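See below for the structure under consideration.
Everything numeric in this text was worked out from a predicted model, so none of it was measured.
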Amino acid sequence: MSYDHTTIETTWQKRWEDEGLYRSVVDWDRPKHYALTMLPYPSGDLHMGHWYAMTPSDARARYMRMKGYNVLFPIGFDGFGLPAENAAVQRGVHPAKWTWENIGRMRTQLRSMGAMFDWQREAISCEPKYYKWTEWLFAQMFKNNIAYRGEAMVNWSPSLNTVLANEQVIDGVDERNGQPVIQKLMEQWFFSITNYADELLSFEGIDWPDAIQAQQSNWIGRSEGAKVDFTTEAGDTLTVFTTRPDTLWGATFMVVAPEHPLLGSITSETHRESVDAYVDQASKRTELERIEDGGDKTGVFTGGYATNPVNGENVPVWVADYVLISYGTGAIMAVPAHDERDFAFARKFGLTITPVVQPPDVDRLDGATMQGAYVGVGTMVRSGPLDGTIVTDAKGRQNPSVSAAIDWLVENGAGLEHVNYRIRDWLIGRQRYWGSPMPMLHRADGEIEVLELDQLPVVLPEDVEFDGRSPLKEHPYFASAIASDGSEARRESDTLDTFMCSSWYWFRYLSPDFDTAPFDPAEAAYWLPVDTYTGGAEHAVMHLLYARFFVKAMRDIGIFDDTIAEMTTRGRDPEGLFDEPFLQLRNQGQILGETRTGDRLVIDGNAEGQRILATSVLLDSDASDDAGLVVGELMRRTENILQIAPTEGGNVTVEVPAEATVDIPAIPGTNDVNQLKHHLEVERMSKSRGNVVNPDDLVAKYGADTIRTYLMFAFEWQKGGPWDSKGIVGSHRFIEDVWKLGTHSYKPDAIDDASTADLRRKVHQTIQRIDQAIVAFKWNTVVAALMSLRNELVEAKRSGAVSDEAWTEAVDALLLMLAPIAPHITEELWNQRGHTSSIHVEAFPEADATVAKEDTITMVLQVNGKVRDRVEVSAEVTAAEAEAAAMASPKIQQWLDGTTIRKVIVREPKLVNIVATP
RNA sequence: GCCCCGGUGGUGGAAUGGCAGACACGGCGGACUCAAAAUCCGCUGCCCGCAAGGGCGUGUGGGUUCGACUCCCACCCGGGGCACCA
């Protein structure tokens, strides 16, 4: 019978679902494992990236189940979001209709993967029974002062007609649509994530990739320093934040941001006109335009002065947009002698520069002649009481000068020690339609009222028209409501950022229909927290940071109290289980578009014997064969030597001297020869580039098992890479071979004990390798180990020299170990081989170390670290025997001839290294 | 500028400080076939050599070590994050 993947896969998918094989039920007698894959957005079709992300997630969940864990592996959809509204505007489809149709299609496609999702726990964030609790959670945050309404400079996207969170803006443009955003002072809803900054900087107790930890730490941006109070002429306190309070004595002017609230009172009448003009012009510039200016600084003098508290000196106050209102206090003390930006500003406008840190071994610095700011180590000078204090390159209190300066400020009442963070509060409201409503009322008297549970959910109305703006403000249900005291009110028409929906979804999976709380404590007490979370690293400072904040906030509000009580009743210690959402996080890489062949180099130069000395190298994929002296593909580069494969004939060696010109159009600026190898034609797999591989077509052609196997085998999972459609045949051959082995009725020919032992050893070594590889998420080596076992079985089948028992053990082990990766074919073969229960509830094979152990080992014999011979020795060889065996080798004797042995290193049974000199 | 990750055959990629290149793809040669596909067998890092064998080889340069893809230092290149952040 030949392998018919379509029949096998559809049959088993249906049977598993009918029999409820993947239903997960609380069972306190068994250890639990909560495996989670990132909530997919229902964009329309499942693409290869989803398969790539979810297959290892599924395989690992299956492995844990075979290892004896009670595994929960749920799935759902992130139903709200802008693409649905865009579809409405562009194609006239209602967002709800568009979303639900996509969900329907993706459900079918997800089922074709054969993943062990427990569909009865499916949660969809745009359903009222879900977003009722999103609203309720917001209400709890509001009541506990974690959500608040406040005025701040926010990112406004004119193209989307909504505000965006800081995390959604990169280099002044929307991270999703690339359109510019502008800064606007607006009253908005925020979550005070800033209050959790310090806790979020600690990753204790969780196993997350270094890169994510680094990104989150960068984003939070903790700086230690001091707040220092300067006094303006009008008597106001102008506070600055500085990480270098030790340079206060060198502060020769101050700069405030154009939006600074004290700017008006600082500005003198004679300067008001020019200040107003500057502020007006600055407000019109987008962040993007400012960034494009680079280091060139603009600004004007306010005409006002302030007093430096450390020495009583009057310093001029300037306004300039290189000082940002959103960071620190929006005002700085400028120390041009020791800060690059202040130095550039001072030189441009002719301001005083006073050095207060003296570098070692250099003449006394002179502000008038300095070429740049000095930011290195030295000794404090011109700093009154602190003269002579050592300045190191350490940050904060670690630096003696900073520490001394803070102490001085505190003692003299001139300032306070302060830690500043870069992260800003999470802007949570959106002026959009397709999102969770907010459970808030604005009363006629201006007060804000939060709705109670019995009034939830505020249902999103569906009878609306679209023109790119939110229709909620005008909708009768939102425009007029009655407050608790019977007065007139309007509903809040902002909706919640969809990242809030995805900040708690793994709790909703526990009990998607639970009606009296966001989740059922009886489920939560058993399943929480998530043990393993997998998904893309692009969510590092958005979803993954928000999720951590959310759990901490929920914990502080007391939302887990019932769960903790239930845990305690069950004898499970709740200590520390609600500080972090996901104990282990692993990120997959990205699947890119298929590499285009035909990157061609056009080389001109002179032939010198065998090689060519280039004068110019140009990368031009469309170049014709006669466009230069040599035209062809770059096969290899070693330093400045290129191997070029022309269309016809053998490789040509080209030397590229330093003076030759190299031109790679895709890499801007001056190119050099070192960049050549790295210029591969790889593109991100996306619809717009037309290089998408459709998983549905591949499923039809090869079957889900082959694709799953290939995706795990072809890449280093955490790295990803360009799709290679040719490589899939290797995985397909493997699956076909498994079919042949699994359906073969083995009859031994002439049983040979050594062959039998060899096969058994291979089986048990493979189990050991796979256990290690799965723990490390090294899926390519898991598949490689199974392929290697396949090779042994093919050989055993041909020889007929292994015993019946060994054959059966090996084939069964192969099927069991492959089951997490290729669930359908293994289930079918398991069934055909006479087993009545599912392979997916079987125990994973246990390695027997005694069987796995080698009896003889190839020992390497080295002379001076170079391998000169190999001998077979017993695994139990002693050091003396090993050395004797080495000395007995004729080849080794030859190499030792005429030398003196200095030392013999024996690492039995693997190696003997003889150190000898002439 | 600061922080994180990486650089190994034609390609994807393996290697607790101990045989570099497992496992695949591709390529080459052969078998089967009228032929092709599929399948099966063999070879496949580079260089010298008919061979036996030898030399070189994990981005570059140094170091530690009997021994380094692996550890340390410096540099080059690529990818990602942060950035007039005071």
Residue matched to [N] through Watson-Crick or wobble contacts both under 3.5 angstrom:
| N | answer |
| --- | --- |
| B:C56 | B:G45 |
| B:C71 | B:G63 |
| B:A24 | B:U11 |
| B:C82 | B:G1 |
| B:C19 | none |

Given atom [atom1] of [X] and atom [atom2] of [N], what is their separation to the nearest angstrom?
| X | N | atom1 | atom2 | value |
| --- | --- | --- | --- | --- |
| A:Asp321 | B:C85 | CG | P | 13 Å |
| A:His338 | B:A86 | NE2 | P | 17 Å |
| A:Asp724 | B:G10 | CG | P | 17 Å |
| A:Gln216 | B:G81 | CD | P | 14 Å |
| A:Leu201 | B:C3 | CG | C1' | 14 Å |
| A:Leu911 | B:G17 | CG | P | 15 Å |
| A:Glu795 | B:C41 | CD | C1' | 11 Å |
| A:Phe715 | B:G79 | CZ | C1' | 17 Å |

Using a cut-off of strictly less than 4.0 Å, decide whether [X] has a side-chain nitrogen or oxygen near OP1 or OP2 of [N].
| X | N | value |
| --- | --- | --- |
| A:Asn791 | B:A24 | yes |
| A:Thr781 | B:G13 | no |
| A:Lys903 | B:C66 | yes |
| A:Arg868 | B:G55 | yes |
| A:Lys719 | B:G13 | yes |
| A:Arg733 | B:C25 | yes |
| A:Asn420 | B:A86 | no |

Which part of the nucleic acid does [X] contact within heavy-atom distance under 4.0 Å: base, sugar-phosphate only, or nothing?
| X | answer |
| --- | --- |
| A:Gly330 | nothing |
| A:Arg798 | sugar-phosphate |
| A:Trp895 | sugar-phosphate |
| A:Arg790 | sugar-phosphate |
| A:Ser223 | sugar-phosphate |
| A:Gln862 | base |
| A:Val915 | sugar-phosphate |

ask   = Can A:Lys297 be said to sit on top of A:Phe345's aromatic six-ring, NZ or CZ under 6.0 Å from centre and within 45° of the ring axis?
value =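 No - A:Lys297 does not lie over the ring of A:Phe345 by the 6.0 Å and 45° rule.
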
request  = Is it possible for you to check whether A:Arg422 lies under 6.0 Å from the centre of the six-membered ring of A:Trp219, through NZ or CZ, and within 45° of that ring's axis?
outcome  =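 Yes, a cation-pi geometry holds between A:Arg422 and A:Trp219.
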
Nearest to the side chain of [X] - [options]?
| X | options | result |
| --- | --- | --- |
| A:Leu324 | B:A15, B:A86, B:C4 | B:A86 |
| A:Tyr322 | B:C84, B:G18, B:A14 | B:C84 |
| A:Val729 | B:A15, B:G18, B:G26 | B:G26 |
| A:Arg341 | B:C85, B:C3, B:C25 | B:C85 |
| A:Lys297 | B:G55, B:C66, B:C84 | B:C84 |
| A:Phe713 | B:C66, B:A24, B:A14 | B:A24 |
| A:Lys910 | B:G18, B:C23, B:C5 | B:G18 |
| A:Ala784 | B:C4, B:C25, B:C23 | B:C23 |
| A:Lys740 | B:C56, B:U39, B:A86 | B:U39 |

task = List in chain and number order the residues that pass salt bridge (charged side-chain N to carboxylate O under 4.0 Å, His left out) with A:Asp771, two or more places apart in sequence or in another chain; answer none if no residue qualifies.
result =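 With neighbours one apart ignored, the set is A:Lys67.
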
inquiry  = Nearest heavy atom decides the nucleotide; on that basis, is A:Met333 or A:Asp737 closer to the 5' end of RNA chain B?
reply    =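 Counting from the 5' end, the first nearest nucleotide belongs to A:Asp737.
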
request  = Could you tell me whether A:Arg244 and A:Asp339 make a salt bridge, using a distance below 4.0 angstrom between a side-chain N and a carboxylate O?
outcome  =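 No.
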
Atom [atom1], compared across [N] and [M]: separation rounded to whole Å:
| N | M | atom1 | value |
| --- | --- | --- | --- |
| B:C56 | B:G63 | C1' | 22 Å |
| B:A20 | B:G55 | P | 12 Å |
| B:A35 | B:A22 | C1' | 38 Å |
| B:G57 | B:C47 | C1' | 10 Å |
| B:U11 | B:C75 | P | 29 Å |
| B:G45 | B:G9 | C1' | 5 Å |
| B:C71 | B:G18 | C1' | 15 Å |
| B:G13 | B:U58 | C1' | 13 Å |

request  = Please work out whether the ring planes of A:Tyr52 and A:Trp717 are parallel, tilted or perpendicular, with thresholds of 30° and 60°.
outcome  =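 Taking A:Trp717 first and then A:Tyr52, their aromatic rings sit tilted (interplane angle of 30° to 60°).
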
message = Assess the residue pair A:Glu795 and A:Arg798 against the criterion (salt bridge (Lys or Arg N to Asp or Glu O under 4.0 Å)); give the C-alpha distance rounded to whole Å, side-chain angles, the decisive distance to 0.1 Å, and a yes or no.
response = CA-CA 5 Å; A:Glu795 179 54 36; A:Arg798 187 165 40 203; 2.6 Å; yes

query = Can you tell me if CD on A:Glu538 sees more than 12 non-hydrogen neighbours from other groups inside 6.0 Å?
reply =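 More than 12 within 6.0 Å, yes.
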
ask   = Knowing that exactly one of A:Leu711, A:Thr709, A:Ile735, A:Thr55 qualifies, which makes a side-chain contact (heavy atoms from CB on, under 4.5 Å) with A:Ile821?
value =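 Between A:Ile821 and the candidates, side-chain contact (heavy atoms from CB on, under 4.5 Å) is satisfied uniquely by A:Thr709.
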
ask   = Passes side-chain hydrogen bond (donor to acceptor under 3.5 Å, both in side chains), A:Tyr322 versus A:Asp342? Steps please.
value = CA-CA 10 Å; A:Tyr322 83 89; A:Asp342 298 343; 2.8 Å; yes

inquiry  = When you measure only distances, ignoring hydrogens and angles, does the side chain of A:Arg422 come within 3.5 Å of the base of B:C85 through a donor and an acceptor?
reply    =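 By the distance-only test, no, there is no pair.
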
inquiry  = With hydrogens left out and only the distance checked, is there a donor-acceptor pair under 3.5 Å joining A:Asn913's side chain and the base of B:C66?
reply    =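 A donor-acceptor contact between them is present.
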
key: Residues A:Glu224, A:Arg222; criterion salt bridge (Lys or Arg N to Asp or Glu O under 4.0 Å); working and verdict   = CA-CA 7 Å; A:Glu224 292 178 17; A:Arg222 181 189 155 99; 3.2 Å; yes

ask   = Syn or anti: how is B:G9 classified when any glycosidic angle within 90° of 0 counts as syn?
value =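 It is syn.
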
